[in-house]
Amino acid sequence: MDVEGNRLVSDEEGAWQPGWIVIGCVELTGDPIIVDTREAGQPVACLMHGMEEWDAGSYIAGSIGQCKDAIAKVRLLMTCKEPERTNVPVACADLDAVVAEIAEADEYAHADAWKALLAPSYRSARQQEEALIRKIKSMSEQGMKLKDIADALQIPLKQAYSYLRQAKNKAD
């Protein structure tokens, strides 16, 4: 229904379809996430609003079950990165890897749609990475060895090395 109570559901192309059930929305844009109950497998899609039509959007899963599996992969990344090391942040590369895994496991899942859904996580990861890069650069300039930096920050040595390289590349 629109704000005046007019029915928006119609079989016309570009209109809200009778078989669409809203199961969520994108936090940043308000775009609805729907299950298409009239299509085989009942795929899940993120539709774009504000375009005067509802046929624009991207699939995020081939079914509600596959969507649930994809969300479980994201949740596992966010909650169990390295439980024995409390300070290891989720990096953008970690998010990219889970998005690639989701897209590989489900032909309906569009990586770009998942990246848009995970935009707040990417933003947070970038901010954490930039803070770590600055901290590692400072510690290195103070003469600390890379292993000592990694131990002090409780991050893997490989990650500390990667961030130090990024700091040096930014300086160049």
Side-chain angles (χ1 to χ4, degrees), residues 21-35 43-51 56-142 144-172:
I21 298 174
V22 176
I23 61 169
C25 69
V26 178
E27 183 179 343
L28 296 176
T29 62
D31 292 339
I33 299 171
I34 60 107
V35 175
V44 180
C46 180
L47 303 179
M48 293 180 359
H49 76 289
M51 305 290 286
S58 300
Y59 284 110
I60 60 173
S63 69
I64 214 55
Q66 287 172 302
C67 186
K68 182 181 165 198
D69 292 345
I71 291 169
K73 289 175 185 180
V74 172
R75 184 170 185 247
L76 182 65
L77 171 67
M78 297 299 190
T79 59
C80 298
K81 178 80 169 85
E82 287 192 34
E84 69 281 357
R85 298 185 92 157
T86 58
N87 198 32
V88 178
V90 172
C92 290
D94 299 323
L95 290 165
D96 287 342
V98 82
V99 165
E101 185 180 338
I102 290 167
E104 179 68 27
D106 182 354
E107 66 180 317
Y108 274 77
H110 287 261
D112 289 341
W114 277 99
K115 286 181 179 184
L117 289 172
L118 294 171
S121 297
Y122 272 98
R123 189 171 41 260
S124 176
R126 268 191 298 282
Q127 289 170 347
Q128 289 178 359
E129 287 176 351
E130 289 168 2
L132 271 173
I133 288 168
R134 286 190 301 274
K135 192 177 283 188
I136 288 169
K137 181 181 179 197
S138 173
M139 293 167 92
S140 175
E141 288 171 348
Q142 293 172 16
M144 285 183 75
K145 294 186 186 290
L146 192 56
K147 181 172 180 352
D148 296 333
I149 293 171
D151 289 344
L153 297 175
Q154 295 182 316
I155 61 173
L157 181 60
K158 184 177 179 179
Q159 192 173 24
Y161 176 72
S162 173
Y163 289 150
L164 183 59
R165 283 185 50 210
Q166 289 179 46
K168 289 184 178 186
N169 286 341
K170 285 183 180 183
D172 293 341

pair Cys46-Val26: side-chain heavy atoms closer than 4.5 Å: yes
Output for pair (Cys25 SG, Ile33 CD1), nearest 0.5 Å, gives 7.0 Å
Approximate separation, where rounding is to 0.5 Å, of Asp151 CG and Met144 CE: 8.5 Å
Could you check whether any side-chain N or O of Gln166 sits under 3.5 Å from a backbone N or O of Ile133, counting only pairs where one atom can act as donor and the other as acceptor? no
Hey, what do you get for CG (Asp94) to CE (Met78), rounding to the nearest 0.5 Å? 9.0 Å
Write down the atom of Ala125, the atom of Ala91, and the distance for their closest heavy-atom approach. CB-C, 4.0 Å
In terms of heavy-atom contacts, Glu129 and Ala93 come closest through OE2-N, 4.5 Å
Greater than 12 external heavy atoms within 6.0 Å of Glu107's CD: no
Taking Gly62's backbone N and O only, do any of them form a donor-acceptor pair with Asp106's side chain (distance below 3.5 Å, no angle check)? yes
Check the pair Val74, Leu117 against side-chain contact (heavy atoms from CB on, under 4.5 Å), reporting the backbone distance first and the verdict last. CA-CA 11 Å; Val74 172; Leu117 289 172; over 6 Å; no
State the CG-CG distance between Leu164 and Asn169, to the nearest 0.5 angstrom. 9.5 Å
Gap separating the CZ atom of Arg123 from the SG atom of Cys92, nearest 0.5 angstrom: 11.0 Å
Begin with the C-alpha distance, continue with both residues' side-chain angles, and end with the deciding distance and a verdict on side-chain contact (heavy atoms from CB on, under 4.5 Å) for Ile155 and Ile136. CA-CA 11 Å; Ile155 61 173; Ile136 288 169; 3.9 Å; yes
Classify the ring geometry of Tyr59 against His110: parallel below 30°, tilted from 30° to 60°, perpendicular beyond 60°. parallel
In terms of heavy-atom contacts, Leu47 and Asp31 come closest through O-CB, 2.9 Å
Going through the checks in order, is the side-chain contact (heavy atoms from CB on, under 4.5 Å) test met by Leu153 and Met139? CA-CA 10 Å; Leu153 297 175; Met139 293 167 92; 4.0 Å; yes
Are there over 12 heavy-atom neighbours, none belonging to Tyr122, within less than 6.0 Å of that residue's OH? yes
Carefully, step by step, assess Ile102 and Ile60 under the rule side-chain contact (heavy atoms from CB on, under 4.5 Å). CA-CA 9 Å; Ile102 290 167; Ile60 60 173; over 6 Å; no
CG-CG distance between Leu146 and Leu157, expressed to the nearest 0.5 angstrom: 5.0 Å
Tell me if the NZ atom of Lys73 is crowded by more than 12 foreign heavy atoms within 6.0 Å. yes
